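Heads up: the structure comes next, in structure tokens.
Ligands are counted one by one from 1 in listed order, and the atoms in each one are counted from 1 as well. Here the structure is a predicted model, which is why all the values come from computation and not from measurement. Positions are given from 1, in the same order as the sequence printed here.
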Amino acid sequence: MFLLSFPSLIPLLRAGLDLDCAESWIEEKGRPLRDFLSEYSKAAVEQGKLRESDIDNALRNQYMTLMRLGYFDNIPRYASLNETDICTDEHRSLAHDGARQGIVLLKNDGNLLPLDPEKILAVAVHGPHARAPEKVMDGDYTGPPCRYVTPRQGISKHVKISHRANTTIYLGGINLHIEREGNDREDLLLPKNQTEEILHFAKASQNPIILVILSGGGIDVSFAHKHPKIGAILWAGYPGGEGGNAIADVIFGRYNPGGRLPLTWFKNKYIQQIPMTSMEFRPVPEKGYPGRTYKFYDGPEVLYPFGYGLSYTKFHYETSTDGTSVTLPATGGHCKGLSYKPSVATTPSCQAVDVAGHACTETVSFNISVINGGGRGGAHVVLVYTAPPPEVAQAPIKQVAAFRRVFVPATSTATVPFTLNVCKAFGIVERTAYTVVPSGVSKVLVENGDSSSSVSFPVKIDFSV
Ligand SMILES: *[C@@H]1O[C@H](CO)[C@@H](O)[C@H](O)[C@H]1NC(C)=O
Ligand SMILES: *[C@@H]1O[C@H](CO)[C@@H](O)[C@H](O)[C@H]1NC(C)=O
Ligand SMILES: *[C@@H]1O[C@H](CO)[C@@H](O)[C@H](O)[C@H]1NC(C)=O
Ligand SMILES: *[C@@H]1O[C@H](CO)[C@@H](O)[C@H](O)[C@H]1NC(C)=O
């Protein structure tokens with residue numbers, strides 16, 4: 001859902017916004033307001049709601065950008081670019097690699113994937129997205145790519161496609177008629193006829209089938225996750241013009257998938273628990289409202305959690321660093337109060353530091369070792385979460401503080417160093433919307449379903465200064 005209901009863009013201009021593309025998304029009395037800032041800024045200055053210097057600042061930034069683009073030097077650097085400049089091998093391979101990096105392996109029973117083209121020889125390819133039409137490959141807000149390689153074309157470069165083959169690949173999912181800006185989904189399921197078709201192929205096929213999903217949002221494919229004849233599930237997002245090549249590379253083992261879900265895939269039942277008009281992230285127990293996102297929801301209606309993603313190898317973590325303690329000075333009474341869980345008997349006298357009144361120069365450093373325990377090299381995304389002190393009530397369960405992608409050769413270890421700013425990494429937004437660093441032991445966590453590791457960082461607040 002895309003919710004925009006700004007009464008005015010004027011406060012945003014004051015806060016650093018330089019230009020608007022208001023177009024038709026702000027309406028007044030049913031009439032779209034175009035060019036909001038040029039229409040209303042003068043009146044806002046006259047009414048004292050905006051300073052002329054705010055406008056000067058926005059204009060300065062815009063003119064600087066135009067200068068960098070050669071706009072005033074008669075250098076037609078960008079205007080003269082055309083297809084020949086864009087459709088180069090370098091750009092195609094970037095699109096190809098971007099699509100491969102984004103693919104997430106959700107299920108792989110008995111290491112069904114990757115398929116060995118020398119042994120398989122032929123596959124049957126089914127499903128509405130096999131010959132994916134343009135609007136399925138691209139998703140929303142994209143320019144046209146140089147060419148489209150559909151999943152079927154990608155697969156056909158590795159093996160023969162035959163309806164009589166033993167191994168079925170089904171390409172399904174949704175499209176922009178079902179999900180896009182201004183078009184909310186009604187449920188989290190696959191279209192019913194696809195589910196029926198997948199179940200039909202799974203039953204009819206001698207061997208387990210492979211399901212490839214193209215979609216932007218998560219889909220409740222619990223039926224496929226549980227099904228013994230659906231051996232593997234891949235999610236390819238909306239993979240762009242080179243998407244068919246990327247999907248085939250993963251299926252046939254030319255690329256080891258390392259993508260991790262950037263959102264939680266909820267079960268369909270979850271949507272009955274959250275009114276779509278409620279924007280609260282935290283759970284509200286008295287309303288039966290369970291909370292949103294991995295930060296606040298850890299209930300049972302999750303099919304694949306945020307950060308989930310398998311590989312053709314196994315990665316384990318080790319942290320050799322002992323957490324160091326951090327002392328934050330709370331100058332000038334910048335102590336904030338926190339809510340604590342009822343079981344907490346004693347609370348510190350300065351419970352948290354308000355980040356807004358703090359220089360925030362403190363950092364913490366640690367190393368995460370990623371051990372590839374399998375026989376195949378692969379990229380792994382180290383997602384670093386932080387968790388606030390457990391005694392703090394109504395705090396996020398955990399939140400992403402940093403991430404880094406590393407390639408780890410088979411049976412090797414890569415050590416990834418991290419240095420995080422304490423305010424950014426351990427800061428939480430408390431209930432009344434202040435960002436604060438709580439006193440107590442904050443933790444750094446890395447976890448991937450196979451392995452988890454943590455480092456503790458006790459935070460002390462010195463308010464004697
Ligand atoms: C694209 O630009 C190049 C020069 O950079 C020119 O040679 C070519 O004819 C142009 N192609 C098209 C289709 O306009
Ligand atoms: C199908 O698989 C079976 C064994 O799994 C094999 O004997 C047979 O040759 C395969 N048929 C085709 C057409 O690939
Ligand atoms: C499912 O139904 C939709 C809408 O009736 C139709 O456009 C689509 O082709 C069908 N898909 C399959 C896989 O049967
Ligand atoms: C991380 O590893 C590097 C190289 O082994 C080492 O020099 C550094 O001291 C380590 N950092 C921490 C915080 O342990």
Among Thr264, Val104, Val221, the one residue meeting side chain to side chain contact (heavy atoms under 4.5 Å, CB included) with Tyr304:
Val221
Which residue and atom name correspond to the protein heavy atom nearest atom 3 (C) of ligand 4, and how close is it?
Asn367 ND2, 3.6 Å
Would you find a donor on one side and an acceptor on the other, under 3.5 Å apart, between the side chain of Tyr255 and the backbone of Ile247?
no
Within-cutoff protein neighbour (heavy atom, under 4.0 Å) for atom 1 (C) of ligand 1
yes
Taking the six-membered ring of Phe418 as reference, does the cationic atom of Arg404 (NZ for Lys, CZ for Arg) lie under 6.0 Å from its centre and within 45° of its axis?
yes
Can you check whether Ser412 reaches Asn372 side chain to side chain, under 4.5 Å on heavy atoms?
no
Right, does atom 11 (N) of ligand 4 have protein non-hydrogen atoms nearer than 4.0 Å?
yes
What protein heavy atom sits nearest atom 9 (O) of ligand 1, and how far away is it?
Asn82 ND2, 4.8 Å
Verify the contact flag for atom 14 (O) of ligand 4, where contact means a protein heavy atom under 4.0 Å away.
yes
Residue Thr84 vicinity, atoms of ligand 1 by number, heavy atom under 4.0 Å
1 (C), 11 (N)
Looking at residues at least two apart in the chain, or sitting in another chain, which of them share a side-chain contact (heavy atoms from CB on, under 4.5 Å) with Ala58?
Leu13, Asp18
Ignoring hydrogens and angles, tell me if any N or O in the side chain of Asn108 forms a donor-acceptor pair with the backbone of Leu112 under 3.5 Å.
yes
Could you establish whether Pro417 and ligand 4 come within less than 4.0 Å of each other, counting only heavy atoms on the residue side?
no
